[in-house]
Amino acid sequence: MNVVESFGLGVSYRGTWALRDCTLAVPEGHIVALVGSNGAGKTTLLHCVVGLTTQTAGEITVLGGIEAGSPDALDRVAFVAQEAPLYRQITVRAMLTVAANLNQNFDRNLAETRLANLDIPLERRVGRLSGGQQAQLALALALARHPELLVLDEPLARLDPLARHEVMAVVMSTVAEEGLSVIFSSHVVSELERVADYLILMSHGRVQMVGAIDDLLARHVVLSGPTNEAESVADQLIVVQSQHAGRQTQFVARLDAPMEFPNGWLAESISLDELVLAYLRAPSASAMPGPLAVATNRAGR
Ligand code: ATP
């Protein structure tokens with residue numbers, strides 16, 4: 001099952017495309033990192049997934065073909081927005097009551113157990129919790145609905161490294177226990193490899209790269225060699241990004257099939273950090289599954 005599937009999805013605001021031609025098929029069971037520079041369209045895509053934004057073009061479904069934002073989807077998808085929508089003046093206990101009244105599937109015991117494990121006092125006013133505790137509370141409220149898909153818009157943005165680690169630890173242990181799928185947007189590229197196993201990279205409203213992180217890393221190399229041979233070597237590769245320093249040239253390249261490199265050239269494996277940065281620096285480069293892969297998924301649902 002694909003937890004998100006979109007075809008030609010576009011959102012335009014007064015004639016300007018915030019999201020354009022977005023064709024995706026994200027399989028279930030992954031922790032998906034959605035990455036891109038400011039204004040790339042990440043929030044817009046997430047809002048389409050949870051039904052907060054209606055598309056101008058194309059289509060989007062969740063959880064195996066359910067219309068995004070439909071009542072069935074809303075029951076099974078949980079969303080934590082960038083500014084966690086908490087009532088700051090009331091206590092954590094009252095916040096749990098509000099959430100229980102709004103959601104018939106709300107598992108209050110689960111939420112209270114999670115908050116107790118995190119030493120978050122139920123009698124404290126929400127506004128007096130630290131940023132990390134507020135993020136944990138928003139996450140506990142979302143997880144207590146037992147969603148099949150959890151969508152988090154920059155859950156880590158305002159948190160210190162320890163709090164980031166703790167929030168993602170909760171997400172990862174819930175994935176291990178309950179097998180839900182997670183999509184979260186983030187700017188913290190250096191921490192993605194530890195938490196995510198699937199990547200969507202966006203640039204200027206378009207999806208630039210998508211796939212399982214292990215596959216993407218296996219399909220790219222960092223290649224260094226003499227600048228005077230660089231042009232002929234580049235002809236045999238899909239070069240994402242190149243850097244020349246005197247007589248040495250370095251490429252980040254995509255390999256669609258195994259290949260032998262000429263003598264004098266060194267091929268090294270690439271880190272996720274390097275891969276993401278290379279694509280962010282080369283917005284016109286793309287690493288997408290062929291159109292057939294998505295077409296097959298659509299036909300099969
Ligand atoms: P950031 O990382 O800064 O949060 P983002 O990748 O989430 O950015 P979006 O918030 O999706 O990007 O915005 C994509 C583009 O759409 C931006 O150019 C933004 O200014 C524009 N945009 C988003 N929402 C609206 C809106 N309601 N009205 C007009 N333009 C909008």
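Atoms within each ligand, like the ligands themselves, are counted from 1 in listed order. If you're wondering where the values come from, they're calculated on a predicted model, not measured in any experiment.
Ring centroid separation for the pair His220 and Tyr279 comes in under the 6.0 Å cut-off.
For atom 7 (O) of ligand 1, the nearest non-hydrogen atom from the set Asn38, Thr43, Leu46, Leu34 belongs to Thr43.
Counted by atom type alone, Thr174 and Glu177 present zero donor-acceptor pairs between their side chains at under 3.5 Å.
Using a 4.5 Å heavy-atom threshold, the side chains of Arg125 and Gln89 count as touching.
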Worksheet item: Going through the checks in order, is the side-chain hydrogen bond (donor to acceptor under 3.5 Å, both in side chains) test met by Thr97 and Arg108?
Response: CA-CA 8 Å; Thr97 304; Arg108 185 166 186 149; 3.0 Å; yes
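When hydrogens are left out, the protein atom nearest atom 12 (O) of ligand 1 is Gly41 N, 3.2 Å; that is the closest non-hydrogen contact. The nearest protein atom to atom 8 (O) of ligand 1, hydrogens excluded, is given as Gly39 N, 2.8 Å; this is a heavy-atom distance. Summary of contacts: the protein heavy atom closest to atom 16 (O) of ligand 1 is Ala18 CB, 3.1 Å. Closest to atom 25 (C) of ligand 1 among all protein heavy atoms lies Tyr13 CE1, 3.3 Å.
Aromatic ring pairs are classed by plane angle as parallel below 30°, tilted from 30° to 60° and perpendicular above 60°; the pair His30 and Tyr198 is tilted.
Atoms of ligand 1 lying under 4.0 Å from at least one heavy atom of Ser37, given by number and element, are 6 (O). Using a 4.0 Å cut-off to heavy atoms of Lys42, the atoms of ligand 1 that qualify are 1 (P), 2 (O), 5 (P), 6 (O), 7 (O), 8 (O), 11 (O), 12 (O). Listed by atom number, the atoms of ligand 1 under 4.0 Å from Thr44 heavy atoms are 9 (P), 11 (O), 13 (O), 14 (C). In summary, the atoms of ligand 1 found under 4.0 Å from a heavy atom of His187, numbered by their order in the structure, are 2 (O). Listed by number with element, the atoms of ligand 1 under 4.0 angstrom from any heavy atom of Glu154 are 2 (O), 4 (O). Ligand 1 places these atoms under 4.0 Å from at least one heavy atom of Ala40: 5 (P), 6 (O), 12 (O).
Atom CD of Glu123 is surrounded by more than 12 heavy atoms from other residues, nucleotides or ligands within 6.0 Å.
Partners of Glu193 by salt bridge (Lys or Arg N to Asp or Glu O under 4.0 Å), not counting sequence neighbours: none found.
Protein heavy atoms are absent from the space less than 4.0 angstrom from atom 19 (C) of ligand 1.
Closest heavy-atom contact between Thr23 and Gly8: OG1-N, 2.9 Å.
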